[in-house]
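These notes concern the structure reproduced below.
Quick caveat, the model's predicted, so the values are computed rather than measured.
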Amino acid sequence: MISLRQIEPDGVLISEGASNEFIVQRTPADISAHPSDTVMLTLLLSGSAFHHHRGGTVVLEPGDALVLDSDQPGIQGYSTASRVLSIRLPRALFTLRTGERAIPEPRIVRRMVTSGGHGPDDERIARLRGALRGRIAADHVRDDAIACLVAACGGKRHVTLARQFILDHLADTGLSVRRVAQGLSVSERQLARSFAAENATVAATITELRLARGRAMLRDPAWRTHTIGEIAEKVGFGSPSSFAHVFRRQYGHSPSDERPRTSETRPAPVRLTPPRRSEPSPWRMPRPR
């Protein structure tokens, strides 16, 4: 990614960049060696992009934005010539404005900017791009940058906390809507409303995260020696059969088909050739004369 313009009013980094095909990866080792301690919003202005994380892959179209924790592992790439606007907040500032400490999984905001350009985010983004081009003082758009990122997280706090609670308790076969609501100290009705705003339900999310974790374990060589039943138990399914049934319904194949095939070289079969008649058979004791 080539950064074309960049400003940093009082610790808030705002940049605009362009690139052809490009991939950047943050591994746990990278994060440990070079922690960022920031939360970032990436707005795709043109082109196409994707972000792969532990829960799956998100594909972005022009106008879409992605909010992610810079200290969570993932792979971000651009499959065509693309242009992006990025906002990066220090974690302390993000926590102060949202009440959240981290973002366990990336959040996508569809059509954050529109072709009409009349929404509140359109106006903020226009001012940010103006500041990057020197037409507006950088200090005057700091609040716009913060507002864009916070708005992208708005209304999702309970959903984010609930997803993290679910991930922390996947092995609990008794995990339910009530259990999650109690863990967050909110009512079931309030939690249901938060998920409904994201076109989701708590129960479906529990199943979704269990399947995603189970699928990742099936693909992980470290779990190759574990049975499917053991993996099913680790992600909270009561039996291997129920895991297999829900897994097939979601992905179209069985859990065993998800495991990578190992190319092991098998020894050639041993063929026993019967001895010639002139030679004593090794299988028969000679008769005494």
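- A distance-only check finds a donor-acceptor pair linking the side chain of D71 to the backbone of S36 [under 3.5 Å].
- Between D64 and L43, the closest heavy-atom pair is O-CD1, 3.4 Å.
- For the pair I146/L89, a side-chain contact is recorded, criterion being any heavy-atom separation below 4.5 Å from C-beta on.
- Considering Q6, R5, R83 as possible partners of E16, the one that fulfils the side-chain hydrogen bond (donor to acceptor under 3.5 Å, both in side chains) test is R83.
- Counting heavy atoms from C-beta on, the side chains of R88 and S15 never come closer than 4.5 Å.
- R54 CZ: more than 12 foreign heavy atoms inside a 6.0 Å radius.
- Between H53 and H51, the ring-plane angle classifies as parallel under the 30° and 60° cut-offs.
- No side-chain donor-acceptor contact under 3.5 Å links R107 to the backbone of V67.
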Audit row: I108, L60, side chain to side chain contact (heavy atoms under 4.5 Å, CB included) steps and yes/no: CA-CA 8 Å; I108 186 168; L60 300 178; 3.4 Å; yes
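- Between the CG atom of L41 and the OG atom of S86 there is a distance of 7.5 Å, given to the nearest 0.5 Å.
- The aromatic rings of F247 and H253 stand perpendicular to each other, their planes meeting at an angle above 60°, with 30° marking the opposite boundary.
- Put simply, the side chain of I103 does not reach to within 4.5 Å of the side chain of Q72, judged on heavy atoms.
- In this structure, A232 and P240 approach most closely via the heavy-atom pair CB-CA, 4.2 Å.
- L167 places a side-chain heavy atom less than 4.5 Å from the side chain of R213.
- A heavy-atom distance below 4.5 Å is found between the side chains of L175 and R210.
- By the criterion of side-chain heavy atoms lying less than 4.5 angstrom apart, applied directly or through intervening Ile, Leu, Val, Met, Phe, Trp or Tyr residues, V141 is grouped together with L149 in one hydrophobic cluster.
- Taking CG from D37 and CZ from F94, the interatomic distance works out to 12.0 Å, rounded to the nearest 0.5 Å.
- Atom CD in E230 sits 9.0 Å away from atom CE in M217 (nearest 0.5 Å).
- Residues V180 and A162 come closest through the heavy atom pair CG1-CB, 3.9 Å.
- Under a 3.5 Å cut-off, the side chain of R26 and the backbone N or O of S70 do form a donor-acceptor pair.
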Evaluation steps, side chain to side chain contact (heavy atoms under 4.5 Å, CB included), between Q76 and V84: CA-CA 12 Å; Q76 189 156 330; V84 299; over 6 Å; no
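- Remark: L13 CG to E8 CD distance equals 5.0 Å, nearest 0.5 Å.
- Here the side chain of D30 pairs a donor or acceptor atom with the backbone of T27 at under 3.5 angstrom.
- Once rounded to the nearest 0.5 Å, the distance linking CD1 of I206 with CG of L211 reads 12.0 Å.
- Annotation: the span from L132 atom CG to I7 atom CD1 amounts to 4.5 Å, rounded to 0.5 Å.
- The hydrophobic cluster containing V202 also contains V159, counting ILVMFWY residues as joined when their side-chain heavy atoms lie under 4.5 angstrom apart, directly or transitively.
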Worked verdict on Y78 versus N20 for side chain to side chain contact (heavy atoms under 4.5 Å, CB included): CA-CA 7 Å; Y78 304 88; N20 292 321; over 6 Å; no
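- Between L44 and A49, the shortest heavy-atom distance links the atoms CD2-N, 3.9 Å.
- Within 6.0 Å of CD in E258 there are more than 12 heavy atoms belonging to other residues, nucleotides or ligands.
- Within the 4.5 Å cutoff, the side chain of R179 has heavy atoms near those of the H169 side chain.
- Checking D144, D143, D122 one by one against R127, the side-chain hydrogen bond (donor to acceptor under 3.5 Å, both in side chains) holds for a single residue, D144.
- A single hydrophobic cluster is seen to contain both L218 and W223, as judged by linkage of ILVMFWY side chains at heavy-atom distances under 4.5 Å, directly or through other members.
- Note on F22: it clusters hydrophobically with L68, by side-chain heavy-atom contacts below 4.5 Å among ILVMFWY residues.
- Smallest separation of non-hydrogen atoms from S241 and S239: OG-OG, 3.0 Å.
- The backbone N or O of P104 lies less than 3.5 Å from no partner atom in the side chain of D69, so there is not a single donor-acceptor pair.
- In the displayed structure, R110 atom CZ is contacted under 6.0 Å by more than 12 heavy atoms of other residues, nucleotides or ligands.
- R91 contributes no side-chain N or O that, together with a main-chain N or O of V39, makes up a donor-acceptor pair within less than 3.5 Å.
- A pairwise comparison of heavy atoms in E105 and G55 identifies OE2-CA, 4.3 Å as the closest pair.
- F237 and Y251 fall within a single hydrophobic cluster, where Ile, Leu, Val, Met, Phe, Trp and Tyr are joined by side-chain heavy atoms under 4.5 Å apart, directly or via other members.
- Looking at R133, its side chain does come within 3.5 Å of a backbone N or O of R129 through a donor-acceptor pair.
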Side chain to side chain contact (heavy atoms under 4.5 Å, CB included) assessment of L128 paired with I87: CA-CA 10 Å; L128 293 178; I87 301 168; 3.8 Å; yes
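- At distances below 3.5 Å, at least one donor-acceptor pair connects side-chain atoms of T80 with backbone N or O atoms of S48.
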